[in-house]
Amino acid sequence: MRLLRGILLLQVMLSACQHETNKDIAQEPNLMSIENHSYANVADIHTTHLHLDLTVNFQNKQLKGVVRHEMKNSGTKEAIFDVSGLKINKVTLGIKTKELNTKYELRGAKDPVLGQALWVEITPETKQVNIYYETTEKSEALDWLDSALTSSKSKPFLYTQGQAILTRTWIPIQDVPSNRITYSAELKVPKDLMAVMSASNPKEKNSLGEYQFEMKQPIPCYLIALAVGDLVYGELSHNTGVYCEPELLKESMYEFVDLPDMMNAAEKLYGSYAWDQYDLLILPYSFPFGGMENPRLTFANPTLIAGDRSLVSVIAHELAHSWSGNLVTNETWNDFWLNEGFTVYFENRIMEEIIGKKGADNLALVEFFELEEEMERIIEGTHPEDGHLFLDLKDRNPDDGMTDVAYVKGAFFLKTLEAAVGREKMDNFLEGYFDHFKFTSVNTADFVDYLNQELLEKYNIDFNYKEWIYDKGIPENCHKIESNSFKHMEDMAKRFSQGEDIFSNEIKSPVNKRASLKREMHSVQEWLTFIRFLPSVLSEQQMTTLDENLKFTAWTNAEIQFEWFMKAISSDYSAAYPAIESFLSKVGRRKFILPLYKQLYSYKHSKKMALDWFEEFKDNYHAVSSNSIDAALEIRK
Ligand code: BES
Ligand code: ZN
């Protein structure tokens, strides 16, 4: 991998020489030739361990203290870190109590995506750099919630979101996924709150509000995570459990009861779990994702608590990241599909163990429908090359790579490969891959080499992986999933839209099962499919009939709400607007609220609602969501 990077760099340098007329390249100062969305000079010096010593202050919404970087220095006189939205107070060299101040400087203009380079003067012998700093309101990883936005409504909450490049907004750090570090931390928090991290965690509050943490296994720094709130712990098995606010404990324990079985299924597939403990942390509704795979402690959105365990595949997904992503990490954000595509494939294998093949196929098919739509949008958009698995995100926000291409095209690539080589060979190959690359970062070329060596050439299999990885679109040979129950739902949707009464109670004939359509007869995924196959504009009468019979507007399953609300907006079904408003006032999950705001904004009849509601609710969202919506609604500051 290192060698490969060296060669790539050489190629870049050579091509820079060949194009001497290209002033941009020739005049770029060394510091600014950004690779991998980072300013850090990791080739010369890199962190091996970091220690955080921070005070968490809810009054002024600030973290303040010091980060101590233990570094491997190959003899350089400068160390460069990534920072964004941080105030640096002082930088010292050497171990605690024997520290000496050193020179430092924030270099270059602040880039809206990458932030700034923090340059620090060191000596060739320097092994420890200590940066004293405080966060600001521009520290985008941090979501400080007033108590009104929590379940208890009585205690405030703080959490961080590091992936992809937001760790630099709460810790001055070399913010690249290709470097691995261990970390430890000492935190001081208000006495009535508990702190947890992606590390060894307390199970109870302590009266001093002082907590210590340790992450012994090396991780990429986007996985450093912190949350502070009124938390309790519920154990699900000897090494799994749930952290949440006290009000949510009972429902969480019910919803996620399958976690120990998921762990067994995962270990059976790809080898033992490397991180000792696996807990969930249920965050407030503002959390911008369904889940985030912070090691030992997956951060989860409370919208997953549907009451019927229908959305737990997200947990299977985050657990799967304990192998794909956390153990074997994408080397750059261009290789993001190695994290997410593998994880979606793995997630589906876990779900197959938990709910059986048919259910798992239906989950995958819902995702495939989404991929088809997204691929069309991408190919017609300004960056059709985003339809490739291997991306080119130079000069772009790595978040742009977070599409169904990395997730679902990635997963279907592996499903197609599995169908071609057979499950046994596929399983051995993947288990070998995780073992071979554990605790390292991998790029797409590394994967291709390993694929050729350990699977394709080894068994003399002809498989066109190139069109999957380096071309846009969904290849012809893509694995097809057939689902009779989905066909049935599609058929129901069509018949309804053609005016047929699908809610009549009589069964018309035993062969042609046109049974009545009752909500309890079908799974959430089947209902999602039913809604998806309705035309995008329905009459008021049709929407009302659906609502009377199936109660979609009142259904508190977030996936159903989302799909139904999208239809309600395009159909201008005003009876659903209060429910949409209430959903947007509470939920901050970007996957739902960004498309909802875009949908509202795109119709004349609802444009004003988009603007008014966003104005009213934007402070309830994490910056990850509010920034995306801000851009989508063309709001200029
Ligand atoms: N790691 C991702 C979330 C992420 C990706 C955050 C890129 C920031 C940048 C997480 O594992 C994820 O994929 N979450 C999905 C779950 C789903 C695909 C099952 C989500 O939140 O919707
Ligand atoms: Zn993921």
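Here, residue 1 is the first one in the sequence, and each next residue gets the next number.
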Participant: Do Glu78 and Asn41 come within less than 4.5 Å of each other through their side chains, counting heavy atoms only?
Facilitator: yes

Participant: Where do Arg589 and Thr303 land on the side chain to side chain donor-acceptor pair (under 3.5 Å) test, with the steps shown first?
Facilitator: CA-CA 9 Å; Arg589 194 170 159 190; Thr303 53; 3.1 Å; yes

Participant: If you compare all heavy atoms of Leu327 against all heavy atoms of Ser322, which two are closest, and at what distance to 0.1 Å?
Facilitator: CB-O, 3.4 Å

Participant: Output yes when a side-chain donor or acceptor of Thr102 lies under 3.5 Å from a complementary backbone atom of Leu93, and no otherwise.
Facilitator: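 Not confirmed, Thr102 side chain does not pair with Leu93 backbone.
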
Participant: With distance as the sole test, does Asn73 use its side chain to make a donor-acceptor pair with the main-chain N or O of Pro124 at under 3.5 Å?
Facilitator: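 Checked: pair present.
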
Participant: Between Leu633 and Phe614, is any pair of side-chain heavy atoms under 4.5 Å apart?
Facilitator: yes

Participant: Give the minimum heavy-atom separation between Ser147 and Ser154, together with the two atoms involved.
Facilitator: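 Heavy atoms only, the tightest pair is CB-C, 3.5 Å.
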
Participant: Return the set of residues passing side-chain contact (heavy atoms from CB on, under 4.5 Å) with Leu208 (not counting sequence neighbours), or none when no residue passes.
Facilitator: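 Leu208: side-chain contact (heavy atoms from CB on, under 4.5 Å) contacts with Asn206, Glu210.
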
Participant: Give a yes or no on this: more than 12 heavy atoms of other residues, nucleotides or ligands lie within 6.0 Å of atom NZ of Lys618.
Facilitator: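 It does: Lys618 NZ has more than 12 such atoms within range.
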
Participant: With a 3.5 Å cut-off and no angle check, do the side chains of Thr343 and His317 form a donor-acceptor pair?
Facilitator: no

Participant: Looking at Ser139 and Ala141, would you say the former's side chain and the latter's main chain have a donor-acceptor pair under 3.5 Å?
Facilitator: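 No, because the side chain of Ser139 does not come within donor-acceptor range (under 3.5 Å) of the backbone of Ala141.
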
Participant: Taking the six-membered ring for Trp and the single ring otherwise, decide whether the centroids of Trp323 and Tyr278 are under 6.0 Å apart.
Facilitator: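 Not close enough - the centres of the two rings lie 6.0 Å or further apart.
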
Participant: Taking only Lys NZ, Arg NE, NH1 and NH2, and the carboxylate oxygens of Asp or Glu, determine whether Arg296 and Asp276 approach each other closer than 4.0 Å.
Facilitator: yes

Participant: Less than 4.0 angstrom from a charged side-chain N to a carboxylate O is my criterion; do Asp230 and Lys153 meet it?
Facilitator: no

Participant: Looking at Asp279 and Gly241, what are the two nearest heavy atoms and their distance?
Facilitator: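 Minimum heavy-atom contact is OD1-N, 2.9 Å.
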
Participant: If the plane angle is over 60° it's perpendicular, under 30° parallel, otherwise tilted; pick one for His69 and Phe81.
Facilitator: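 His69 and Phe81: tilted rings.
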
Participant: Any heavy-atom pair between the side chains of Pro156 and Leu145 that's under 4.5 Å?
Facilitator: no

Participant: So how far is it from Leu391 CG to Thr403 OG1, rounded to the nearest 0.5 Å?
Facilitator: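 Output value for this atom pair is 7.0 Å.
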
Participant: Going by an N to O cut-off under 4.0 Å, is there a salt bridge joining Arg590 and Asp399?
Facilitator: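 A salt bridge is present here (some side-chain N lies under 4.0 Å from a carboxylate O).
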
Participant: Should we count NZ of Lys216 as having more than 12 external heavy atoms under 6.0 Å?
Facilitator: no

Participant: Evaluate the side chain to side chain donor-acceptor pair (under 3.5 Å) criterion for residues Asp82 and Ser38: first the C-alpha distance (whole Å), next the side-chain angles of each, then the deciding distance (0.1 Å), finally the verdict.
Facilitator: CA-CA 7 Å; Asp82 296 294; Ser38 168; 2.6 Å; yes

Participant: If you apply the rule side-chain contact (heavy atoms from CB on, under 4.5 Å), what do you find for Ile181 with His49, and how did you get there?
Facilitator: CA-CA 5 Å; Ile181 58 170; His49 177 86; 6.0 Å; no

Participant: When you look at NZ of Lys127, are more than 12 heavy atoms from neighbouring residues, nucleotides or ligands closer to it than 6.0 Å?
Facilitator: no

Participant: Can you list the steps and then say if Arg180 with Thr48 is a side chain to side chain donor-acceptor pair (under 3.5 Å)?
Facilitator: CA-CA 7 Å; Arg180 300 183 90 84; Thr48 55; over 6 Å; no

Participant: Given the side-chain rings of Phe437 and Tyr433, with only the six-membered ring counted for Trp, is the space between their centroids under 6.0 Å?
Facilitator: yes

Participant: Flag this pair as yes if the NZ/CZ of Arg107 is under 6.0 angstrom from the six-membered ring centre of Trp119 and inside a 45 degree cone about the axis; otherwise no.
Facilitator: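 Verdict for Trp119: a cation-pi partner in Arg107.
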
Participant: Answer yes when Glu99 and Lys96 have at least one side-chain N-carboxylate O distance shorter than 4.0 Å, and no when they do not.
Facilitator: no

Participant: Would you mind listing every ring-ring contact (aromatic ring centres under 6.0 Å, His included) that reaches into residues 147-167, with sequence neighbours excluded?
Facilitator: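 The answer is Tyr159-Phe287, Tyr159-His622.
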
Participant: Is Tyr183 reaching over with its side chain to a backbone N or O of Ser198, donor-acceptor style, under 3.5 angstrom?
Facilitator: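 Yes, because the side chain of Tyr183 sits within donor-acceptor range (under 3.5 Å) of the backbone of Ser198.
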
Participant: Considering non-hydrogen atoms only, spot the tightest contact between Asn130 and Gly94 and give its length.
Facilitator: ND2-O, 2.8 Å

Participant: Taking all non-hydrogen atoms of both residues, which atom of Asn339 and which atom of Asn330 are closest, and how far apart?
Facilitator: OD1-N, 2.9 Å

Participant: Under 6.0 Å between ring centres: does that hold for Trp337 and Phe390?
Facilitator: no

Participant: Can you establish whether the number of heavy atoms outside Glu137 located under 6.0 Å from its atom CD is more than 12?
Facilitator: no

Participant: Grab the two heavy atoms, one from Ser152 and one from Lys155, that are nearest each other, plus how far apart they are.
Facilitator: OG-N, 3.5 Å

Participant: Please lay out, stage by stage, how His51 and Glu186 fare under the test side chain to side chain donor-acceptor pair (under 3.5 Å).
Facilitator: CA-CA 8 Å; His51 180 78; Glu186 294 164 69; 2.7 Å; yes

